[in-house]
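Given the structure is predicted, the values throughout are model-derived calculations rather than measurements.
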Amino acid sequence: MNHRLSQQFLEFAKSECLGSSELYYHLSLAIAKDQELLKLAESGRKGQPTPNLFFGVAHYLLNSNLDAPLAKFFPTCSESCDRSPEEAFPDFKHFILSHRDNVTQLLATRLVQTNEVRRCAYLFPAMMYAGTWFDKRPLALIEIGTSAGLNLLWDKYSYQYGDWDVLGDRESPVVIRSECRGVIPDGLFHAMPRITQRIGLDLNIVDVTQFEEAAWLRALIWPEHKERREILDAALKHRASFDLDLRQGNGFAMLAGIIETIPKDSVACVYHTHVANQITREAKESLLVELAELGTSRDIIHIFNNIKPSLHLTLYKDGRAEDIPLANTDGHARWFEWLPSDRQDGESRL
């Protein structure tokens with residue numbers, strides 16, 4: 001048994017799928033015990049989250065094979081999805097093995113690049129709060145792991161947090177709903193900061209004008225998650241109205257050179273919501289060291305997940321650093337819990 005991948009699928013089932021996708025939960029538990037499918041799953045690129053990639057490939061292929069028995073288990077593929085997820089594995093395995101060559105090719109060439117637009121639900125208050133530290137100076141956005149760049153447009157979406165007033169761009173066709181637990185984020189009701197640049201960095205830029213590329217993004221969304229698909233589709237359509245500066249390459253390696261080109265009358269705002277899950281601990285530490293060095297000579301905002309225990313903000317202002325845990329977040333941003341702030345202007349806690 002491939003112990004490493006078996007453990008990955010077990011962890012994926014218990015920590016990500018339980019309570020979110022009953023279908024992927026039961027399939028993950030079964031795959032974890034199946035040597036043949038685990039061996040096939042090894043075809044994925046190194047560093048990719050194998051369960052997400054494997055299910056994305058299956059979903060992508062199934063969307064072109066709607067007459068397959070497996071389609072009856074996927075709400076995205078069948079109007080009469082009435083089969084119990086606990087019964088899906090035999091049809092899943094048959095489908096995967098029947099398309100073995102396509103599965104192997106897609107695993108080797110595709111990347112997990114879900115544009116989880118709903119993560120803007122917590123990016124929005126994070127950006128609004130960070131902006132209050134810089135006297136209304138404009139922000140130059142730099143997103144690492146940008147995929148198709150949809151989260152570079154966080155200020156162009158509207159937000160509904162329970163029964164609060166609608167926030168953000170109230171006229172936007174992209175409506176993001178999420179539950180804000182905990183305290184009300186500081187700065188949330190301030191004026192929107194001006195954005196001077198929108199730069200997205202990724203190993204593979206997704207061109208959503210290409211049908212197959214947009215179809216891949218949709219396939220990465222779990223089959224029961226109707227609202228996530230609706231948000232993605234609205235954001236993809238809205239994306240056509242904006243020109244974004246999307247650059248292909250290793251965003252971590254490119255970052256210093258790009259920050260140097262940002263005029264100092266703008267605050268360089270570096271952010272990433274999930275990509276740190278796909279890099280080594282050494283690479284994460286190197287990023288933090290590099291930003292700290294750059295922050296000695298210019299102002300920088302760094303908003304990030306998956307390096308420290310919570311959604312985190314590190315501010316570099318006037319050569320000094322301020323480190324602030326912002327929120328605990330759900331992986332798909334169905335909710336986030338904003339943490340109390342003990343903000344102390346002008347005083348570093350590092």
Side-chain angles (χ1 to χ4, degrees), residues 111-131 138-157 159 168-169 174 176 192-208 213 217 220 231-232 235-236 238-239 241-262 266-279 283-284 287-288 290-291 294-295 298-308 311-316 326-327 329 331-333 336:
L111 300 173
V112 176
Q113 295 181 276
T114 309
N115 263 201
E116 186 53 71
V117 182
R118 193 160 54 186
R119 290 185 184 133
C120 289
Y122 56 72
L123 277 179
F124 172 67
M127 296 287 186
M128 296 293 284
Y129 172 65
L139 307 181
L141 305 181
I142 307 171
E143 184 187 19
I144 303 175
T146 198
S147 187
L150 302 183
N151 288 0
L152 281 167
L153 297 169
W154 56 266
D155 59 317
K156 303 299 182 181
Y157 305 147
Y159 299 91
D169 182 352
V174 183
I176 296 176
M192 193 87 76
R194 184 166 64 90
I195 308 300
T196 56
Q197 291 174 266
R198 302 176 194 269
I199 302 171
L201 312 176
D202 205 297
L203 290 172
N204 178 60
I205 298 298
V206 177
D207 181 0
V208 294
E213 298 300 298
L217 290 184
L220 288 169
I231 294 172
L232 174 64
L236 287 172
H238 197 42
R239 162 75 176 81
S241 302
F242 301 93
D243 291 324
L244 302 177
D245 182 358
L246 304 183
R247 308 183 191 184
Q248 189 154 312
N250 184 331
F252 298 100
M254 299 162 67
L255 185 59
I258 291 172
I259 288 179
E260 289 176 358
T261 69
I262 303 296
S266 293
V267 181
C269 181
V270 179
Y271 63 104
H272 44 95
T273 59
H274 198 70
V275 72
N277 272 355
Q278 300 181 29
I279 63 174
K284 295 175 187 178
L287 171 66
L288 298 181
E290 180 176 54
L291 283 170
L294 292 168
R298 68 163 301 145
D299 293 344
I300 298 173
I301 292 168
H302 184 205
I303 296 171
F304 56 96
N305 246 340
N306 302 317
I307 295 181
K308 297 188 178 183
L311 178 70
H312 229 77
L313 166 65
T314 303
L315 297 157
Y316 302 96
L326 291 180
T329 60
H332 295 134
F336 59 95

- Decide yes or no on side-chain contact (heavy atoms from CB on, under 4.5 Å) for Phe336 and Leu326, but give the supporting numbers first. CA-CA 10 Å; Phe336 59 95; Leu326 291 180; over 6 Å; no
- Note on the structure: Value for CG (Leu123) from OG1 (Thr273), rounded to nearest 0.5 Å, stands at 6.0 Å
- Arg119 side chain vs Asn151 backbone, donor-acceptor pair below 3.5 Å: no
- Which class fits the ring pair Phe124 and Tyr159: parallel under 30°, tilted 30 to 60°, perpendicular over 60°? parallel
- For Leu139 and Cys269, which heavy atoms make the closest approach, and how far apart are they? CB-CB, 4.5 Å
- Item | For Asp169, all residues meeting side-chain hydrogen bond (donor to acceptor under 3.5 Å, both in side chains), sequence neighbours excluded | none
- Message: If the condition is salt bridge (charged side-chain N to carboxylate O under 4.0 Å, His left out), which residues does Asp202 pass it with, not counting sequence neighbours?
- Response: none
- Message: Is any side-chain heavy atom of Leu246 closer than 4.5 Å to one of Asp207?
- Response: no
- Item | Residue that, paired with Arg247, satisfies side-chain contact (heavy atoms from CB on, under 4.5 Å) out of Thr146, Ile199, Ile142 | Ile199
- Exercise: identify the closest heavy-atom pair between Lys284 and Asn306: NZ-O, 3.4 Å
- Query: Taking all atoms of both residues into account, what is the closest heavy-atom pair of Tyr316 and Gly295, and its distance?
  - Reply: CB-CA, 3.7 Å
- Query: Any side-chain heavy-atom pair from Val174 and Leu150 closer than 4.5 angstrom?
  - Reply: no
- Message: I want to check something: taking the side chain as every heavy atom from C-beta on, are Leu203 and Asn250 in contact at a cut-off of under 4.5 Å?
- Response: yes
- Message: Under the rule for side-chain hydrogen bond (donor to acceptor under 3.5 Å, both in side chains), what residues qualify as partners of Arg239, not counting sequence neighbours?
- Response: none
- Query: Taking only residues two or more places apart in sequence or in another chain, which ones pass side-chain hydrogen bond (donor to acceptor under 3.5 Å, both in side chains) with Arg194?
  - Reply: none
- Item | Closest non-hydrogen atom pair between Leu217 and Ala148, with its separation | CD1-CB, 4.1 Å
- Note on the structure: The ring-ring contact (aromatic ring centres under 6.0 Å, His included) partners of His332 (sequence neighbours excluded) come to Trp222, His225
- Message: Parallel, tilted or perpendicular: which one describes the rings of His302 and His272, with boundaries at 30° and 60°?
- Response: tilted
- Task: Output yes when a side-chain donor or acceptor of Gln197 lies under 3.5 Å from a complementary backbone atom of Ile262, and no otherwise.
- Result: no
- Item | Stepwise side-chain contact (heavy atoms from CB on, under 4.5 Å) check, Leu153 with Leu244 | CA-CA 9 Å; Leu153 297 169; Leu244 302 177; 3.9 Å; yes
- Please lay out, stage by stage, how Tyr122 and Asn305 fare under the test side-chain hydrogen bond (donor to acceptor under 3.5 Å, both in side chains). CA-CA 11 Å; Tyr122 56 72; Asn305 246 340; 3.3 Å; yes
- Message: Once side-chain hydrogen bond (donor to acceptor under 3.5 Å, both in side chains) is applied, do any residues pair with Glu213, and if so which ones, sequence neighbours excluded?
- Response: Arg110
- Query: Looking only at heavy atoms, what is the nearest atom pair of Glu290 and Phe252, with distance?
  - Reply: OE1-O, 3.6 Å
- Do Ile258 and Leu201 touch side chain to side chain, with heavy atoms closer than 4.5 Å? yes
- Could you tell me which non-hydrogen atom of Thr196 sits nearest to which non-hydrogen atom of Ser266, and how far apart they are? OG1-OG, 3.2 Å
- Item | Check: Ile176 and Trp154 side chains under 4.5 Å, non-hydrogen atoms | no
- Message: Run the side-chain contact (heavy atoms from CB on, under 4.5 Å) test on Tyr271 and Met127 for me, step by step, so that the C-alpha distance in whole Å, both residues' side-chain angles and the decisive distance to 0.1 Å come before the verdict.
- Response: CA-CA 10 Å; Tyr271 63 104; Met127 296 287 186; 3.3 Å; yes
- Item | Residue pair Ile279, Leu287: steps toward the side-chain contact (heavy atoms from CB on, under 4.5 Å) verdict | CA-CA 11 Å; Ile279 63 174; Leu287 171 66; 5.6 Å; no
- How many angstroms lie between CG in Leu255 and CD in Glu260, if you round to the nearest 0.5 Å? 10.0 Å
- Message: Treating Gln248 as the side-chain partner and Ile205 as the backbone partner, does any N or O pair qualify as donor plus acceptor under 3.5 Å?
- Response: yes
- Note on the structure: CG (Leu291) and CD1 (Ile300) are apart, to the nearest 0.5 Å, by 5.5 Å
